[in-house]
Amino acid sequence: MRSNRKMHFEISERKVLLFVFDALFVIGILYLLNLFFEFHYFAFESTTIYRPFIFVGYLLVFGTIFEMYNLQIASNQFQIVKSVVLSVSAAVLIYLLTPILSPELPKQRLVIVIFYFAILLVMLMWRFFYAIFLASHRFSQNVILICDKDQVEELVSGLENVDPHYRIIGFVNSDSNSETKTNFHYVKEIKKSYLERFVIKHNVSEIVIASQKTDGITADLYQQLLSLLESGNVIREYTQVYESKTQRIPVHYIERDFYRFFPFSRSNNNKLYLFLIRFLELSFSFTGLLICFVFIPFIFLGNLLANKGSLFYTQERVGKNGAVFKIYKFRTMIEASEVNGAVFAVANDKRITPFGKFMRKSRIDELPQFFNVLKGDMAVIGPRPERPFFVEEIAKVMPFYETRHVIKPGLTGWAQVNYSYGESIDESLIKLQYDLYYIKHRSVFLDLSITFKTITTVLFYRGQ
């Protein structure tokens, strides 16, 4: 018997839904303005039909920068207002000031007011509808885990913290040596013999197998899984689900089978991709160093008054293939900040001066690293380079840590835009998972995503 599954949306599907309907509502409201107002500015003519699509393009770009497509923000009614107002305001302003591609500025300023508020209101109405109805638990996905009982808490929190609509409602204990029943919050233990009936009764849309022990998957449980698979139920392996949901590689889970789950991205050796990236890096580096020279007089004065040390400082870092190089930065800490040896930088680090904190938050302190990019020691995007001492210490407890050195380290990276400081070995493990995800999935699209997230980090003053 096949279950009547309720409708749900994957993370990627929700993002596509937001992109598509943002575009449709904007084009729709512009078309209605063209019908009801006799303003040439809104005209849909064959020679200028591209203009609404240019505006939609601007909106998607600024929507990405101002986190309109961050699903947590898109589900929060208060944060929706902030992200939509910023995105629409920036898109309208740039569109109005774009020469040739957008219409000339109208003589009647009322037209601009109507244009702006019509788009803003339709976007707010659609986004509130999404938050109230489409992002609600009525569209959540019911999931069952097959795992050992001592894994339940870690697996459930690891998945549900990323996607609140991914609800694990039960688990089957695959530990053949355990007979005691365990409940983790609302996640109830399901008897192996009852699995198929439970799936049908509770509209389960996915079964995730996280057990690394095969002896707990009995013949009866195996037959039920086959029957469910034949009925159209989705059965997935935990590492696949974890990677797709968290956009991290679960190195803490796969252990010795690591290389089976970690094929390097072809982009790492794609000559066309590498040539394009290097060309862009050189362009960014020259621009970044010009900005650096503009800031130097102000930073010199601030450093003289607040930091009371040399303006620049260098540190040894580990680069591609384990080669050690010197990284350049503006000073943000007091002098002699490591008299007792190397230590991890932490949030609210007392060694960081107030002026240094400002530079870190705004990422200004990293501008000199464009010189490292020019030299070829670093890339613009990649894992952040770590100090040799910490590499040795972390590699002792993380066998795969040095795998991040297969590509050049970067000014910014997937771990930097998704996670804060690595203040301990455990937090370095999380950052490693992000770095390895980037190495595995490296592409132009992922680089663009990191670029937009980095712009967001700078604009919202979220530097580390």
Side-chain angles (χ1 to χ4, degrees), residues 12-71 73-74 79-131 134-135 276 279-280 283-284 287 443-456 458-460:
S12 58
E13 292 171 336
R14 291 202 292 275
K15 288 186 176 181
V16 169
L17 188 75
L18 290 172
F19 274 116
V20 170
F21 278 93
D22 282 353
L24 289 177
F25 277 111
V26 167
I27 291 173
I29 194 64
L30 291 178
Y31 181 73
L32 290 175
L33 288 173
N34 178 50
L35 288 180
F36 292 108
F37 293 95
E38 294 182 1
F39 294 135
H40 178 71
Y41 199 75
F42 303 131
F44 269 60
E45 299 170 352
S46 58
T47 56
T48 58
I49 194 65
Y50 58 86
R51 287 174 176 168
F53 297 97
I54 289 174
F55 178 77
V56 167
Y58 285 150
L59 185 63
L60 296 184
V61 168
F62 286 108
T64 302
I65 291 173
F66 292 115
E67 302 182 295
M68 216 165 58
Y69 300 103
N70 179 314
L71 294 180
I73 289 176
Q79 291 180 312
I80 282 172
V81 176
K82 176 184 174 183
S83 64
V84 170
V85 169
L86 287 173
S87 301
V88 171
S89 300
V92 168
L93 179 63
I94 297 301
Y95 180 73
L96 290 173
L97 300 178
T98 301
I100 302 172
L101 297 179
S102 63
E104 293 182 8
L105 287 174
K107 294 179 180 179
Q108 294 177 285
R109 297 297 180 251
L110 178 63
V111 178
I112 296 176
V113 174
I114 294 172
F115 177 69
Y116 172 73
F117 280 103
I119 293 171
L120 180 63
L121 289 174
V122 76
M123 284 293 297
L124 286 172
M125 289 170 63
W126 146 238
R127 286 310 189 100
F128 278 124
F129 174 82
Y130 171 84
L134 299 183
L276 174 63
F279 174 77
L280 292 173
S283 303
F284 280 130
T287 305
S443 66
V444 172
F445 294 108
L446 187 54
D447 288 341
L448 283 173
S449 177
I450 293 169
T451 301
F452 284 129
K453 284 176 177 283
T454 302
I455 294 171
T456 301
V458 173
L459 288 177
F460 287 106

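- One distance of note links CG of L124 with CD1 of I80; it measures 8.5 Å at 0.5 Å rounding.
- A heavy-atom distance below 4.5 Å is found between the side chains of R51 and Y95.
- The structure places CZ of R14 at 5.5 Å from CG of L71, a figure rounded to the nearest 0.5 Å.
- At distances below 3.5 Å, at least one donor-acceptor pair connects side-chain atoms of S443 with backbone N or O atoms of L446.
- The CG atom of L18 lies 10.5 Å from the CG atom of L60; values are rounded to the nearest 0.5 Å.
- Separating the CD1 atom in I119 from the CD1 atom in I27 is a distance of 10.5 Å, to the nearest 0.5 Å.
- Heavy-atom neighbours of Y50 OH from other residues, nucleotides or ligands within 6.0 Å: above the threshold of 12.
- Under 3.5 Å, the side chains of Y69 and S83 contain no donor-acceptor pair of N or O atoms.
- Taken from CD in E67 to CD in Q79, the straight-line distance is 8.0 Å, to the nearest 0.5 Å.
- Side-chain atoms of T456 come within 3.5 Å of backbone N or O of I65 as a donor-acceptor pair.
- Proximity of a side-chain donor or acceptor of R127 to a complementary backbone N or O of M68 within less than 3.5 Å is detected.
- Annotation: F128, atom CZ; neighbour count of heavy atoms from other residues, nucleotides and ligands within 6.0 Å is above 12.
- The two residues A131 and A74 make their nearest non-hydrogen contact at CB-O, 3.7 Å.
- The minimum heavy-atom distance linking S87 with G63 is given by the pair OG-CA, 3.4 Å.
- Taking the six-membered ring for Trp, F115 and F55 have ring centres closer than 6.0 Å.
- When all heavy atoms are compared, the tightest approach of A23 to V56 is CB-CG1, 3.7 Å.
- With rounding to the nearest 0.5 Å, the separation of CG in L30 from CG in L35 is 11.5 Å.
- Panel note: side chain T454, backbone I450; a donor-acceptor pair is recorded below 3.5 Å.
- Within 6.0 Å of the CZ atom in F284, the count of heavy atoms belonging to other residues, nucleotides or ligands does not exceed 12.
- Taking the six-membered ring for Trp and thresholds of 30 and 60 degrees, F25 and F21 have ring planes inclined between 30 and 60 degrees apart.
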